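Nothing here was measured: the structure is a model prediction, and the numbers come from that model.
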Amino acid sequence: MKKGLVFAVILALFVALAGCGGKSAEQTSGSGEAKKKVIVGTDAAFAPFEYMDKGKIVGFDVDFLDAVMKEAGLDYELKNIGWDPLFAALQEGKEIDLAISGITINDKRKQTYDFSVPYFESTHMILVKKDSPIKNALDLKGKVVGVQNGTTGQEAVEKLFGAENKNIKKFENTVVAIMDLLNGGVDAVVTDNAVANEYVKNNPDKKLKAIEDPTNFESEFYGLMFPKGSDLKPKVDEAIKKVIESGKYAEIYKKWFGIEPKVDNLLKQQ
């Protein structure tokens with residue numbers, strides 16, 4: 001009897017511990033089915049979209065992602081893995097399930113990845129020192145221009161002056177490019193309008209200005225990026241539409257940019 005009791009207690013403990021171990025790796029849905037946690041990758045060096053603040057990833061994309069994932073009923077974890085690794089990780093389909101990082105939807109990327117419906121309209125701006133004679137993109141000819149490597153900002157400058165142009169200086173991220181501008185290493189930095197405007201607004205002592213050029217820089221749209229054939233895309237697409245239509249998107253947009261978003265153009269893209 002004693003041996004049987006001891007065996008029963010051990011068996012009960014084993015079952016309890018096994019149950020605890022299972023829940024740490026996955027959720028259980030209301031129907032009792034295992035529900036995988038979605039791993040989202042980002043490059044937290046692109047303020048105000050995603051950046052580090054006191055050890056935490058914050059920004060417009062972060063708040064928007066949270067609203068979308070809640071709407072979709074998905075449990076998720078956001079990881080800061082860097083810009084180039086985002087693309088490699090998604091292609092391999094192992095480390096992350098999707099990515100959000102101010103990623104422009106374009107035909108070249110569509111060949112390798114799937115994208116959500118657009119959630120943000122953007123264009124490029126030229127960041128220069130206040131006393132710079134540069135007034136538009138064409139004035140960048142013969143100047144040293146900083147861009148973040150692998151971005152559409154790089155593509156926009158290369159489209160104007162050639163991919164092999166030695167005056168196009170590539171950086172790991174926009175923050176480093178701006179630092180080089182302040183130190184005189186480049187004459188200008190081409191980056192997304194929200195990033196340029198946010199830096200100028202938050203750093204008046206740096207004496208920089210952001211220049212628009214809608215003639216030479218076309219509008220772009222950001223999307224969440226998935227591996228080809230991801231079954232998450234339909235659910236996320238539907239959640240994005242609901243977040244935009246419900247007014248939650250406008251709330252998040254005003255928090256980070258201080259103005260009302262133009263959602264009509266976004267909805268037309270969908």
Side-chain angles (χ1 to χ4, degrees), residues 17-105 109 112-120 148 150-151 172-175 192 194-195 222-244 246 248-249 251-253 255-256:
L17 288 171
C20 291
K23 286 183 181 177
S24 68
E26 57 189 11
Q27 272 191 316
T28 302
S29 65
S31 62
E33 296 178 351
K35 191 164 90 173
K36 178 187 172 186
K37 178 181 281 190
V38 177
I39 306 301
V40 184
T42 193
D43 174 26
F46 195 57
F49 290 93
E50 43 272 312
Y51 61 99
M52 300 303 298
D53 183 22
K54 298 176 182 176
K56 185 179 178 183
I57 309 172
V58 299
F60 171 81
D61 276 354
V62 179
D63 289 354
F64 173 72
L65 174 70
D66 189 62
V68 168
M69 299 305 263
K70 284 178 179 175
E71 181 64 45
L74 295 170
D75 185 30
Y76 75 99
E77 179 183 348
L78 183 62
K79 287 187 174 182
N80 179 26
I81 67 171
W83 180 254
D84 289 332
L86 279 182
F87 294 84
L90 271 187
Q91 203 165 359
E92 292 169 4
K94 294 179 181 178
E95 186 179 354
I96 59 176
D97 300 297
L98 63 99
I100 185 169
S101 197
I103 305 170
T104 299
I105 303 168
R109 288 172 180 165
T112 309
Y113 310 96
D114 282 342
F115 283 89
S116 70
V117 293
Y119 72 88
F120 193 91
Q148 180 175 341
T151 64
E172 182 182 352
N173 58 58
T174 305
V175 174
D192 295 43
V195 175
Y222 295 167
L224 278 69
M225 193 167 69
F226 304 86
K228 277 288 185 183
S230 172
D231 57 4
L232 287 171
K233 177 177 156 53
K235 186 177 285 190
V236 171
D237 280 348
E238 188 61 31
I240 289 174
K241 292 175 186 176
K242 288 181 178 178
V243 168
I244 292 174
S246 70
K248 182 65 177 177
Y249 178 85
E251 179 186 320
I252 297 168
Y253 195 100
K255 170 187 172 181
W256 288 100

Colleague: Can you name the closest pair of heavy atoms from Ala99 and Leu90 and give their distance?
Modeller: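 Closest approach of Ala99 to Leu90: CB-CD1, 3.9 Å.
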Colleague: Is the ring pair Phe64/Tyr249 parallel, tilted or perpendicular, if the boundaries are 30 and 60 degrees?
Modeller: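 Geometry flag for Tyr249 against Phe64: perpendicular rings.
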Colleague: Run the numbers on Val175 and Tyr51 for side-chain contact (heavy atoms from CB on, under 4.5 Å), then give the verdict.
Modeller: CA-CA 10 Å; Val175 174; Tyr51 61 99; over 6 Å; no
Colleague: Are Val195 and Phe46 side-chain neighbours, meaning at least one heavy-atom pair lies under 4.5 Å?
Modeller: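 They are in contact (side-chain heavy atoms under 4.5 Å apart), so the answer is yes.
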Colleague: Would you say Trp83 and Ser101 make side-chain contact, with heavy atoms under 4.5 Å?
Modeller: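 Result yes, sub-4.5 Å side-chain heavy-atom pair found.
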Colleague: Roughly how far apart are Asp61 CG and Trp256 CH2, rounded to 0.5 Å?
Modeller: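 CH2 of Trp256 is found 10.0 Å from CG of Asp61.
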Colleague: Just verifying a value: how many Å separate Glu238 CD and Ser116 OG, rounded to the nearest 0.5 Å?
Modeller: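 Here the interatomic distance stands at 12.5 Å.
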Colleague: Ser246 side chain to Lys242 main-chain N or O, any donor-acceptor pair under 3.5 Å?
Modeller: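 Looks like yes, one N/O pair under 3.5 Å.
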Colleague: Is any side-chain heavy atom of Ile105 closer than 4.5 Å to a side-chain heavy atom of Pro118?
Modeller: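 The answer is yes, as the side chains (C-beta and beyond) meet within the 4.5 Å cut-off.
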Colleague: Taking salt bridge (charged side-chain N to carboxylate O under 4.0 Å, His left out) as the criterion, tell me which of Lys36, Lys37, Lys233, Lys235 meets it with Asp97.
Modeller: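 Of all the options given, the one that passes is Lys36.
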Colleague: Contact between Met69 and Val38 at the side-chain level, heavy atoms closer than 4.5 Å - yes or no?
Modeller: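 Yes. Closest side-chain heavy atoms under 4.5 Å.
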Colleague: Kindly compute the distance separating CG (Asp114) from CE (Met225), expressed to the nearest 0.5 Å.
Modeller: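 With rounding to 0.5 Å, CG (Asp114) is 10.5 Å from CE (Met225).
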Colleague: For the pair Lys241 and Asp237, find out whether any cationic side-chain nitrogen is under 4.0 Å from an anionic carboxylate oxygen.
Modeller: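 Between Asp237 and Lys241 there is no salt bridge, as every charged N stays at least 4.0 Å from the carboxylate O atoms.
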Colleague: Are Asn80 and Met52 close enough that some pair of their side-chain heavy atoms sits under 4.5 Å apart?
Modeller: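 Yes - at least one pair of side-chain heavy atoms lies under 4.5 Å apart.
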Colleague: Looking only at non-hydrogen atoms, find the nearest pair between Phe120 and Ala194 and report the distance.
Modeller: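 For Phe120 and Ala194, the tightest heavy-atom pair comes out as CZ-CB, 4.3 Å.
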Colleague: Would you please classify the geometry between the Tyr119 ring and the Phe60 ring as parallel, tilted or perpendicular, with 30° and 60° separating the classes?
Modeller: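 Plane angle under 30°, so parallel.
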Colleague: Looking only at heavy atoms, which two atoms of Leu224 and Ile240 are closest? And how far apart?
Modeller: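 Closest approach of Leu224 to Ile240: CD1-CD1, 4.2 Å.
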Colleague: List the atom of Asp43, the atom of Glu50, and the distance in Å for their closest heavy-atom pair.
Modeller: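 Result for this residue pair: O-CG, 3.3 Å.
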Colleague: Can you list the steps and then say if Thr112 with Lys228 is a side-chain contact (heavy atoms from CB on, under 4.5 Å)?
Modeller: CA-CA 7 Å; Thr112 309; Lys228 277 288 185 183; 5.9 Å; no
Colleague: What's the separation between atom CD1 in Ile252 and atom CG in Asp66, rounded to the nearest 0.5 Å?
Modeller: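 Going from CD1 on Ile252 over to CG on Asp66, the span is 8.0 Å.
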Colleague: Do Thr151 and Thr174 have side-chain heavy atoms sitting under 4.5 Å apart?
Modeller: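 They are not in side-chain contact.
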Colleague: Is any side-chain heavy atom of Lys79 closer than 4.5 Å to one of Ile39?
Modeller: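 Of all side-chain heavy-atom pairs linking Lys79 with Ile39, at least one is under 4.5 Å.
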Colleague: Quick one: closest heavy-atom pair of Thr42 and Leu86, and the distance?
Modeller: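 Answer, listing the atom of Thr42 first, then Leu86: N-CD2, 3.4 Å.
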Colleague: With a cut-off of 6.0 Å (strictly less than), are more than 12 heavy atoms of other residues, nucleotides or ligands near CD of Glu71?
Modeller: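 It does: Glu71 CD has more than 12 such atoms within range.
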Colleague: For Lys70, I'd like to know if atom NZ has over 12 heavy atoms of other residues, nucleotides or ligands within 6.0 Å.
Modeller: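 No, not enclosed.
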Colleague: Which heavy atom of Ala89 sits nearest a heavy atom of Ile96, and at what distance?
Modeller: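 Taking every non-hydrogen atom into account, CB-CG1, 3.8 Å.
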Colleague: Between Arg109 and Phe115, is any pair of side-chain heavy atoms under 4.5 Å apart?
Modeller: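 Arg109 vs Phe115: side chains touch.
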